[in-house]
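As structure tokens, the structure follows; a few thoughts come after it.
Model, not experiment: these values are computed from the prediction.
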Amino acid sequence: MNIMRPIVRNTSLALAVAVIACLGAQHAAAGSQYVVLSVEPAADELLPGKLFLPSDVINVPAGTVVTLLGEDGSMNSISGPGAFVVTADALAPKGTANPTGAQDGPSKLALIAGLLTKERQRTESIGGSRTNADQSKPNRLDYPWAILVDESSPGCIRNGELVLARRGLGERLVFSVRLGNAEPLNGLVWGAGEPTYALPGPVSPDVKTITVETNRTSVLIEVKALPSEADLSDPLEVLGWMVSSGCERQALAFVDTIASKRH
């Protein structure tokens with residue numbers, strides 16, 4: 001990262017001006033577009049899902065840390081006070097097809113930005129009358145590779161590992177799981193106070209649906225398996241794939257996980 005020294009134009013104002021390139025990047029190329037993943041503490045002008053384009057200036061208040069995802073897959077944390085300008089660096093050609101099947105850089109960023117914006121608007125509408133904004137996130141998962149079983153929806157897995165999740169800690173639950181058209185696995189016990197349940201053994205790549213049944217509910221999960229050649233160390237690739245696969249709550253949990261590691 002190329003950093004210019006703080007520019008002092010008068011005694012009342014000093015702005016640290018930096019060129020955002022590859023802060024903590026795992027890739028050699030620098031991106032020219034960024035999406036805000038998280039802001040700690042919250043700032044009115046810096047909202048999750050906001051896109052910054054070349055020549056945009058990111059004004060970060062004192063004491064604030066902003067986590068950004070670049071179109072090159074880089075994770076970037078910037079701290080205030082400061083004004084940071086986005087450069088127009090060109091992406092190096094990748095030369096290979098994207099194994100996840102999601103669209104390339106800016107389109108992935110747009111998908112992620114749209115999801116974060118929608119989630120922010122949802123939490124604002126729910127939490128507007130609450131004193132603690134975190135209370136307005138009842139569906140947020142702690143583990144991004146766990147599938148919430150409160151409703152039928154797509155579920156994203158990796159390496160054949162099936163982890164189920166439920167809201168709250170919950171009571172002891174006896175349930176069954178059917179993998180595709182196979183005979184159901186009956187009498188499975190989800191212990192009281194356990195937020196997740198991991199199915200023993202890997203799920204076959206041929207399994208496209210999973211049915212989870214209790215004495216009160218039946219949920220159909222459409223299985224989305226991360227391609228084996230996908231790069232798990234590339235947050236843009238994984239997030240873009242999750243969002244395009246319809247695994248929105250898992251994508252939000254993935255954002256929470258990678259953003260927390262930057263603080």
Evaluate side-chain contact (heavy atoms from CB on, under 4.5 Å) for Lys50 paired with Val35, printing each intermediate quantity in order. CA-CA 6 Å; Lys50 182 176 177 61; Val35 62; over 6 Å; no
Which is it for Leu111 and Ser244 under the side-chain contact (heavy atoms from CB on, under 4.5 Å) test, yes or no, and what are the steps along the way? CA-CA 7 Å; Leu111 286 173; Ser244 63; 4.2 Å; yes
Is there a continuous path of hydrophobic side-chain contacts, each under 4.5 Å between heavy atoms, that joins Leu173 to Leu188? yes
Under 4.5 Å between side-chain heavy atoms, counting indirect links through other Ile/Leu/Val/Met/Phe/Trp/Tyr residues: same cluster for Leu47 and Leu109 or not? no
Does a sphere of radius 6.0 Å around CG in Asp142 hold more than 12 heavy atoms from other residues, nucleotides or ligands, not counting ones at 6.0 Å or beyond? no
Minimum heavy-atom distance Cys247-Gly155, with the two atoms named: SG-C, 3.6 Å
Taking side-chain contact (heavy atoms from CB on, under 4.5 Å) as the definition, give me every residue that meets it alongside Ala43, ordered by chain and number, with sequence neighbours left out. Val39, Leu46, Pro61
Looking at every heavy atom in both Met75 and Pro235, which two are closest together, and how far apart are they? CG-CG, 3.7 Å
Sequence-distant partners of Phe52, ring pair (Phe, Tyr, Trp, His ring centres under 6.0 Å), two or more places apart: none
d(Leu37 CG, Ile112 CD1) to nearest 0.5 Å is 7.5 Å
For the residue pair Cys156 and Ser245, establish whether any side-chain heavy-atom pair is separated by less than 4.5 Å. yes
Check: Val177 and Ile210 side chains under 4.5 Å, non-hydrogen atoms: yes
Could you go through the side-chain contact (heavy atoms from CB on, under 4.5 Å) check for Ile58 and Val86 one step at a time? CA-CA 8 Å; Ile58 307 174; Val86 179; 4.0 Å; yes
Provide the closest heavy-atom pair for Ile221 versus Leu148 in the form atom of the first, atom of the second, distance. CD1-O, 4.4 Å
Ignoring hydrogens and angles, tell me if any N or O in the side chain of Glu237 forms a donor-acceptor pair with the backbone of Asp231 under 3.5 Å. yes
With side-chain contact (heavy atoms from CB on, under 4.5 Å) as the criterion, how do Ser77 and Val66 come out once you've worked through the C-alpha distance, each side chain's angles and the decisive distance to 0.1 Å? CA-CA 6 Å; Ser77 292; Val66 181; over 6 Å; no
If you take all heavy atoms of Leu141 and Ala165, which pair is closest and at what distance? CD2-CB, 3.8 Å
Evaluate the side-chain proximity of Val85 to Asp56: yes if any heavy-atom separation is below 4.5 Å, no if none is. no
Taking atom CG of Leu220 and atom CZ of Arg178, what is their separation to the nearest 0.5 Å? 11.0 Å
For Ser152, check side chain to side chain donor-acceptor pair (under 3.5 Å) against everything at least two apart and list the hits. none
Could you grab the distance from atom CG of Leu179 to atom CG of Leu185, nearest 0.5 Å is fine? 5.5 Å
Could you list the residues that satisfy salt bridge (charged side-chain N to carboxylate O under 4.0 Å, His left out) with Glu151, not counting sequence neighbours? Arg249
Hits for side-chain contact (heavy atoms from CB on, under 4.5 Å) against Asn186, two or more places apart or cross-chain, chain-then-number order -> Ser176, Pro184
Is there any salt bridge (Lys or Arg N to Asp or Glu O under 4.0 Å) pair reaching into residues 209-225, and which pairs are they, with sequence neighbours excluded? Glu222-Lys224
Measure the CG-CH2 distance between Leu162 and Trp145 for me, rounded to the nearest 0.5 Å. 13.0 Å
Is there a side-chain contact between Phe254 and Val238 (heavy atoms, below 4.5 Å)? yes
Rounded distance [0.5 Å steps], NZ in Lys108 versus CG in Leu236: 5.0 Å
Residues forming a side-chain contact (heavy atoms from CB on, under 4.5 Å) with Thr117, sequence neighbours excluded: Arg120, Gln121
List the residues meeting salt bridge (charged side-chain N to carboxylate O under 4.0 Å, His left out) with Lys118, not counting sequence neighbours, and say none if there are none. Glu248
Per the side chain to side chain donor-acceptor pair (under 3.5 Å) rule, what does the pair list look like for residues 153-163, sequence neighbours excluded? Tyr143-Arg158
Using every non-hydrogen atom in the two residues, find where Val174 and Gly187 come nearest and quote the distance to one decimal. CG1-CA, 4.1 Å
Partners passing side-chain contact (heavy atoms from CB on, under 4.5 Å) against Val149 (at least two apart in sequence or in another chain): Leu164, Trp190, Val212
Please determine whether residues Val203 and Trp241 belong to a single hydrophobic cluster, defined as Ile, Leu, Val, Met, Phe, Trp and Tyr linked transitively by side-chain heavy-atom distances below 4.5 Å. no
Applying salt bridge (Lys or Arg N to Asp or Glu O under 4.0 Å) as the test, list every pair that has at least one member in residues 183-206; sequence neighbours left out. none
Can a donor-acceptor pair be found, under 3.5 Å and without considering hydrogens, that links the side chain of Thr64 to the backbone of Val60? no
Minimal heavy-atom distance between Asp150 and Val219, with the atoms involved, is C-CG2, 4.4 Å
Side-chain contact test, heavy atoms from C-beta onward, threshold under 4.5 Å: evaluate it for Val223 versus Thr209 and give yes or no. no
Do Tyr34 and Leu51 have side-chain heavy atoms sitting under 4.5 Å apart? no
Rounded to the nearest 0.5 Å, what separation is found between the OG1 atom of Thr67 and the CD1 atom of Ile258? 8.5 Å
Under the side chain to side chain donor-acceptor pair (under 3.5 Å) test, residues paired with Thr214 that sit two or more places apart: Thr217
